[in-house]
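Keep in mind that the numbers below use all heavy atoms, side chains included, and drop hydrogens, waters and symmetry copies. Letters go in sequence order (proteins before strands), and every chain restarts at 1. Every value quoted in this text rests on a predicted model; they were computed, and no experiment measured them.
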Amino acid sequence: MLDINFIRENRALVKKGMQNKGEKNIEIVDQVLQKDEEWRSMVTRVDRLRAEGNKKAKRIGELMGQGKREEAQKIIKETGDNKIEVKKLEADLSELQDQRDQLLYQIPNVPDNSVPVGHSEEDNQVFKTWGEPADTNWMLPHWEIAADKNWIDFDRGSKVTGAGFPFYIGQMARLQRSLINFFLNEAVEKGFTEIQAPYFVNEDSARGTGQIPDKEDMMYTIPRDGFFAIPTAEVPVTNFHRDEILSLEELPIFYTAYTPCWRREAGSYGKDVRGLNRLHQFDKVELVKFVHPDNSEAELETLREYAESLLEKLNLPYRTLLMCTGDMGFTQTKKYDLEVWSPGQRRWLEVSSCSNFGSFQARRMQLRFKNEKGKTEMVHTLNGSGLALPRIVASILETFQTESGDVRIPEVLQPFMSCERI
RNA sequence: GGAGGGAUGGCAGAGUGGUCGAAUGCGGCGGUCUUGAAAACCGUUGAGGCGCAAGUCUCCGGGGGUUCGAAUCCCUCUCCCUCCGCCA
């Protein structure tokens with residue numbers, strides 16, 4: 001969420017940001033400021049009453065200590081009304097605060113200046129392209145290759161769990177394991193600390209990174225225990241430092257984590273769901289950064305470059321999009337998507353998304369650090385996929401398929417696969 | 001799953017109804033001394049809200065209650081530890 005004082009001082013900017021992100025409910029900014037106004041005046045009232053009560057209680061203590069019972073009793077009698085009044089106003093106060101915060105939660109992060117304004121994916125800017133997308137007729141889509149080789153079993157996945165939960169078999173299981181190892185090794189080499197995270201999180205964590213309340217429906221739930229199956233490692237890893245005050249020297253902190261990811265993908269049935277394009281469970285290596293506010297812009301660029309380097313090492317043609325305001329999401333200030341070329345489908349597939357959240361997540365999580373002046377300040381958080389597996393697998397199968405039906409293995413994966421083709 | 005014990009500032013650890021946001025020690029920061037450092041000594045050192053400020057309020061795991069007054073008493077939840085049972 002945004003800082004209420006920031007909104008107070010930048011009302012127009014926040015509104016413009018909302019507009020650019022395609023939010024209809026711009027008046028919410030005025031509403032939240034109105035509520036804040038009410039809340040603040042209520043705080044003053046309550047504090048004044050509490051101060052009065054405190055003073056009396058203190059005086060009573062003194063008198064009791066001196067053995068002046070009667071005088072004390074006299075003051076005790078006076079306190080009754082004040083006490084009732086305070087109780088009532090405290091209730092009002094917390095209600096006002098709830099109302100204010102609920103509005104606050106509905107205000108999205110303000111896009112960075114460098115983000116192009118636009119409504120839909122058509123307005124995203126192609127930031128970079130790399131490699132030469134193959135465009136020939138003979139190349140098969142990955143699901144046909146996988147079916148030929150009996151590498152992926154979608155039907156049995158459906159039987160055992162449901163659509164979007166495939167089995168990977170033999171060399172395909174090994175390919176996935178190789179990719180995970182490759183991605184983790186690369187990240188560790190770049191200074192990311194490898195961490196293994198829980199696959200379920202509680203409600204506070206889901207709120208901390210912004211899945212609640214904005215994207216609640218994306219997650220699978222375990223209601224009996226109040227857990228959510230993680231839709232990305234971002235959630236547990238970013239929440240790792242929730243409610244902490246880090247020291248200046250600890251920053252920046254870089255983590256990488258492999259986890260499965262679960263997404264309900266409600267509402268997207270029937271759309272681009274062929275093969276590995278869209279699954280309910282998939283594997284991903286995630287990168288998370290906690291940085292000094294001064295550095296988050298630059299850190300986003302290095303994060304993007306790092307993710308791009310992985311695709312280059314795999315020799316997969318890709319393009320990088322700078323997402324426009326309307327397509328970037330609620331919590332981000334700026335976001336890049338990396339899309340790999342799928343020659344069998346002749347389309348781009350998103351395999352990474354690198355985002356800067358500024359202090360938006362940190363504020364929800366109360367994740368702070370002591371700055372140069374010794375003051376506590378919100379850290380900035382970023383994350384990026386490095387990378388999501390299924391579409392990488394799809395692209396590898398399609399890009400490196402041979403006319404004999406085999407698939408060549410990218411050189412960087414050969415040590416993990418112990419072979420050059422499968 | 002059963003029984004018991006616990007949760008206090010960066011850490012350790014006192015505090016069981018009254019001036020306690022909290023002793024003391026360690027750690028951190030500043031200073032004295034020193035060529036420099038160490039030691040010693042002195043001082044300082046939690047987070048947050050409202051307010052131009054003076055100031056004031058809140059926070060001793062979370063929530064609720066008793067009381068003029070709660071870190072301290074009661075209820076409840078969560079987590080941790082010990083023992084028993086079960087178990088990859």
Side-chain angles (χ1 to χ4, degrees), chain A residues 1-9 32-105 196-208 212 222-228 236 239-251 253 260 290 359 362-379:
Chain A
M1 64 180 168
L2 290 175
D3 180 5
I4 184 72
N5 291 317
F6 176 84
I7 300 175
R8 255 206 277 175
E9 285 154 29
V32 80
L33 288 174
Q34 169 64 32
K35 273 288 170 237
D36 182 53
E37 196 75 36
E38 290 174 33
W39 176 83
R40 279 184 294 135
S41 78
M42 186 63 81
V43 164
T44 311
R45 282 178 67 190
V46 172
D47 280 2
R48 207 174 291 145
L49 280 175
R50 283 206 274 226
E52 218 173 284
N54 287 344
K55 213 179 289 171
K56 279 184 178 150
K58 208 171 226 180
R59 180 73 189 137
I60 291 165
E62 282 169 25
L63 291 170
M64 298 290 254
Q66 295 163 11
K68 300 177 182 169
R69 286 258 174 99
E70 303 224 338
E71 266 183 77
Q73 278 302 329
K74 219 187 287 173
I75 301 179
I76 290 174
K77 280 198 187 114
E78 293 172 19
T79 56
D81 291 346
N82 183 293
K83 205 183 154 186
I84 294 163
E85 181 87 359
V86 167
K87 266 232 164 93
K88 185 186 159 296
L89 291 188
E90 276 176 345
D92 291 350
L93 185 66
S94 76
E95 198 184 323
L96 276 173
Q97 189 168 339
D98 283 352
Q99 291 172 353
R100 183 197 67 180
D101 289 348
Q102 209 172 341
L103 291 167
L104 205 48
Y105 271 123
Q196 288 202 345
Y199 296 164
F200 302 148
V201 295
N202 59 29
E203 192 177 327
D204 285 344
S205 296
R207 181 170 289 106
I212 298 179
I222 293 112
R224 185 170 171 181
D225 300 289
F227 295 152
F228 298 88
N239 276 282
F240 185 69
H241 288 298
R242 173 151 54 83
D243 291 322
E244 291 183 19
I245 299 178
L246 305 169
S247 67
L248 188 59
E249 302 79 59
E250 286 176 87
L251 298 177
I253 298 172
F290 302 91
S359 59
R363 191 164 296 103
R364 286 190 177 190
M365 289 192 292
Q366 285 297 296
L367 168 51
R368 296 160 291 175
F369 74 106
K370 284 247 192 258
N371 68 16
E372 294 79 352
K373 291 174 187 152
K375 295 287 281 180
T376 52
E377 194 180 341
M378 298 298 164
V379 309

At what distance, to the nearest 0.5 angstrom, does [atom1] of [X] lie from [atom2] of [Y]?
X: A/Arg100; Y: A/Tyr105; atom1: CZ; atom2: OH; result: 10.5 Å
X: A/Ser359; Y: A/Arg364; atom1: OG; atom2: CZ; result: 11.5 Å
X: A/Leu2; Y: A/Ile7; atom1: CG; atom2: CD1; result: 5.0 Å
X: A/Met365; Y: A/Asp204; atom1: CE; atom2: CG; result: 12.0 Å
X: A/Ile84; Y: A/Leu89; atom1: CD1; atom2: CG; result: 12.0 Å
X: A/Ser247; Y: A/Asn371; atom1: OG; atom2: CG; result: 12.0 Å

May I ask which nucleotide in the shown strands pairs with [N], Watson-Crick or G-U wobble, both distances under 3.5 Å?
N: B/U24; answer: B/A12
N: B/A40; answer: B/U32
N: B/C83; answer: B/G2
N: B/G17; answer: none

Discussion item. Heavy-atom nearest nucleotide on RNA chain B for A/Thr79 versus A/Glu377: which residue maps closer to 5'?
Written reply: A/Glu377
Fill in: Residue closer to the 5' end of RNA chain B, A/Ile245 versus A/Ile76 (nearest nucleotide)
A/Ile245
How close or far is atom [atom2] of [N] from atom [atom1] of [X], stated in whole angstroms?
X: A/Asp204; N: B/G61; atom1: CG; atom2: P; value: 18 Å
X: A/Glu250; N: B/G10; atom1: CD; atom2: P; value: 13 Å
X: A/Asp243; N: B/C79; atom1: CG; atom2: C1'; value: 14 Å
X: A/Lys370; N: B/G27; atom1: NZ; atom2: P; value: 20 Å
X: A/Phe227; N: B/U78; atom1: CZ; atom2: C1'; value: 11 Å
X: A/Asp225; N: B/C77; atom1: CG; atom2: C1'; value: 15 Å
X: A/Leu63; N: B/C68; atom1: CG; atom2: C1'; value: 11 Å
X: A/Arg242; N: B/G61; atom1: CZ; atom2: P; value: 18 Å

Whole-angstrom distance between [N] and [M], as gauged at atom [atom1]:
N: B/U58; M: B/A70; atom1: C1'; value: 14 Å
N: B/A71; M: B/G1; atom1: P; value: 34 Å
N: B/C59; M: B/A54; atom1: P; value: 23 Å
N: B/G28; M: B/A12; atom1: C1'; value: 15 Å
N: B/G21; M: B/G9; atom1: C1'; value: 9 Å
N: B/A23; M: B/G46; atom1: C1'; value: 16 Å
N: B/G13; M: B/C60; atom1: C1'; value: 13 Å
N: B/U32; M: B/A47; atom1: P; value: 26 Å

Discussion item. At less than 4.0 Å, is any side-chain N or O atom of A/Lys87 found next to OP1 or OP2 of B/U66? Yes or no.
Written reply: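 So the side-chain polar atoms of A/Lys87 do come within 4.0 Å of the phosphate oxygens OP1 or OP2 of B/U66, strictly under.
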Show the distances under 3.5 angstrom between N or O atoms of the protein and N or O atoms of nucleotides 16-20 of chain B.
unit_1, atom_1, unit_2, atom_2, d
B/G18, N2, A/Ala57, O, 2.9

Worksheet entry | Criterion salt bridge (charged side-chain N to carboxylate O under 4.0 Å, His left out) on A/Glu85 and A/Lys88, from CA distance to verdict | CA-CA 5 Å; A/Glu85 181 87 359; A/Lys88 185 186 159 296; over 6 Å; no
Worksheet item: Regarding A/Asp47 and A/Thr44, is there a side-chain donor-to-acceptor distance under 3.5 Å anywhere?
Response: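 No donor-acceptor contact under 3.5 Å links the two side chains.
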Item to complete: List the steps and the verdict of salt bridge (charged side-chain N to carboxylate O under 4.0 Å, His left out) for A/Glu62 and A/Arg59.
Response: CA-CA 5 Å; A/Glu62 282 169 25; A/Arg59 180 73 189 137; 3.1 Å; yes
Practice prompt. Please state whether the rings of A/Phe290 and A/His241 are parallel, tilted or perpendicular, taking 30° and 60° as the class boundaries.
Written response: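 A/Phe290 vs A/His241 ring planes: perpendicular.
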Discussion item. Can a donor-acceptor pair be found, under 3.5 Å and without considering hydrogens, that links the side chain of A/Asp101 to the backbone of A/Leu104?
Written reply: no
Discussion item. Within the 4.0 Å heavy-atom criterion, would you say A/Arg368 contacts the bases, only the backbone, or no part of the nucleic acid?
Written reply: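 Sugar-phosphate: the residue A/Arg368, judged by heavy atoms under 4.0 Å, touches backbone atoms but no base.
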Worksheet item: How does protein contact run along nucleotides 49-56 of chain B, one letter per nucleotide 5' to 3', with B for base contact, S for sugar-phosphate only, - for none, heavy atoms under 4.0 Å?
Response: BSS----S
